[in-house]
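What follows is a set of notes on a single structure, which appears directly below.
Positions are given from 1 along the sequence. In what follows, every heavy atom counts, from backbone to side chain, and hydrogens, waters and symmetry copies are set aside.
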Amino acid sequence: MLERIFDVDNPVWRAVDKVGKIFLLNLVWVICSLPVFTMGAATTALMYSSMKLQLNEGYWYKNFFHSFAQNFKQATGIFLLYLVVGILLVADFILGGQQGGTFGMVLQCGAGIIAVPYLLSLLYVFGVQAKFVNPVKATIRYAFFMALHNLKGTIQMVLLMALFIWVNTLTQLANYLTIIYGFGLIGYCMAAYQRKAFEKYIKSAESPAEYGEADGEFAAPEEGLDALAREQGRLDEAPGKSVDAEGEVQTERTETEE
């Protein structure tokens, strides 16, 4: 009886271990996001390491920092792009409200129309960046297509984010809990939805190897979001290629060529 209780493979201990790792991922994400402009790379790393954690693959800290370093440049560019567009959309809403009349309504309606694809793609863009290799333009386009092609999951993600934001408007306690644990938890939940969506477009099996293993090789899937792009009639056949990063090949990320 005691042996089963203290067995590390006991479901209770596995759950405790996962809760602890989500807490640590939250802590690392908060620290890495403090400069603000690094938030995109930190979020990409959080999504990637959360997906790996759900599959019990690799070490959470190696997965996080590997993805953070590998995606830093492009994820930062994507984050800054979304930040600028978001500021402009908010400014349009505020200016439209101040102007009033027909002109103000046109401004707000225009901003609202743009805000829909903006928010839908924002839900997926860092997950796509973590999982696949594409140019910035293609990453954003795929994120938007992914949101439309997985509408049920997208709606659930929207509701989850709305609940998360609403709870944080209630009390300061919720704000403290979010800083301590909430960002890691919401990232883990969002990663679960996105991992399920990505599986439809990853055709080949992933390598069970883990980061940090000697001579560990990660074989890239033959097809990734190319399948989705071809459904849209935007790309011809473009099989994925392995991605070399510091002597390792990342399994999940698939390169597409437009």
Side-chain angles (χ1 to χ4, degrees), residues 29-30 33-44 46-47 71 73-130 134-179 182-183 185-187 189-191 193-194 197 225 228-229 231-234 258:
W29 182 88
V30 170
S33 297
L34 286 178
V36 179
F37 75 92
T38 59
M39 193 173 291
T43 303
T44 300
L46 175 63
M47 297 302 294
N71 293 288
K73 184 177 179 180
Q74 186 160 314
T76 299
I78 290 172
F79 171 74
L80 293 176
L81 176 62
Y82 272 86
L83 180 63
V84 170
V85 173
I87 291 172
L88 292 176
L89 289 175
V90 171
D92 276 351
F93 273 112
I94 295 174
L95 182 60
Q98 292 175 343
Q99 290 290 327
T102 303
F103 178 70
M105 185 178 297
V106 169
L107 274 180
Q108 290 186 323
C109 287
I113 292 171
I114 297 173
V116 173
Y118 171 85
L119 293 173
L120 288 177
S121 61
L122 182 58
L123 284 174
Y124 285 87
V125 70
F126 295 112
V128 172
Q129 175 64 28
N134 288 290
V136 171
K137 182 180 177 181
T139 298
I140 294 172
R141 186 173 73 243
Y142 288 147
F144 178 61
F145 289 157
M146 186 67 69
L148 295 181
H149 277 248
N150 298 276
L151 201 54
K152 181 179 178 180
T154 300
I155 292 172
Q156 291 174 337
M157 289 168 65
V158 169
L159 294 176
L160 182 63
M161 286 300 300
L163 177 63
F164 178 72
I165 294 170
W166 176 71
V167 168
N168 274 274
T169 63
L170 297 179
T171 63
Q172 284 190 333
L173 177 60
N175 302 153
Y176 295 139
L177 292 175
T178 294
I179 294 172
F183 292 118
L185 181 61
I186 196 72
C189 293
M190 299 285 278
Y193 284 109
Q194 295 186 26
L225 287 181
L228 178 60
E231 289 177 18
Q232 301 297 320
R234 293 176 176 267
E258 294 190 86

Heavy-atom pair with the smallest gap, counting every atom of [X] and [Y]:
X: M47; Y: G187; value: SD-O, 3.9 Å
X: Q99; Y: G104; value: CB-CA, 4.1 Å
X: F93; Y: A111; value: CE1-CB, 3.8 Å
X: I140; Y: S121; value: O-CB, 4.0 Å
X: F79; Y: F37; value: CD2-O, 3.9 Å

Check whether any side-chain heavy atom of [X] lies under 4.5 Å from a side-chain heavy atom of [Y], and answer yes or no.
X: L88; Y: I114; result: no
X: F164; Y: L185; result: no
X: I94; Y: V90; result: yes
X: Q74; Y: T139; result: yes
X: Q194; Y: M157; result: yes
X: L123; Y: M161; result: yes
X: Y124; Y: Y193; result: no

Rounded at 0.5 Å granularity, tell me how far [atom1] in [X] sits from [atom2] in [Y].
X: M190; Y: L46; atom1: CE; atom2: CG; answer: 10.5 Å
X: Q108; Y: F103; atom1: CD; atom2: CZ; answer: 11.0 Å
X: T102; Y: L107; atom1: OG1; atom2: CG; answer: 11.0 Å
X: N175; Y: L170; atom1: CG; atom2: CG; answer: 9.5 Å
X: T178; Y: L173; atom1: OG1; atom2: CG; answer: 9.0 Å
X: I78; Y: L83; atom1: CD1; atom2: CG; answer: 13.5 Å

Y82 ring center near Y118 ring center (under 6.0 Å): yes
Candidate pair L163 and V167, rule side chain to side chain contact (heavy atoms under 4.5 Å, CB included), full reasoning: CA-CA 6 Å; L163 177 63; V167 168; 4.0 Å; yes
Sidechain-backbone polar pair: N71 side chain, A41 backbone, donor-acceptor under 3.5 Å: no
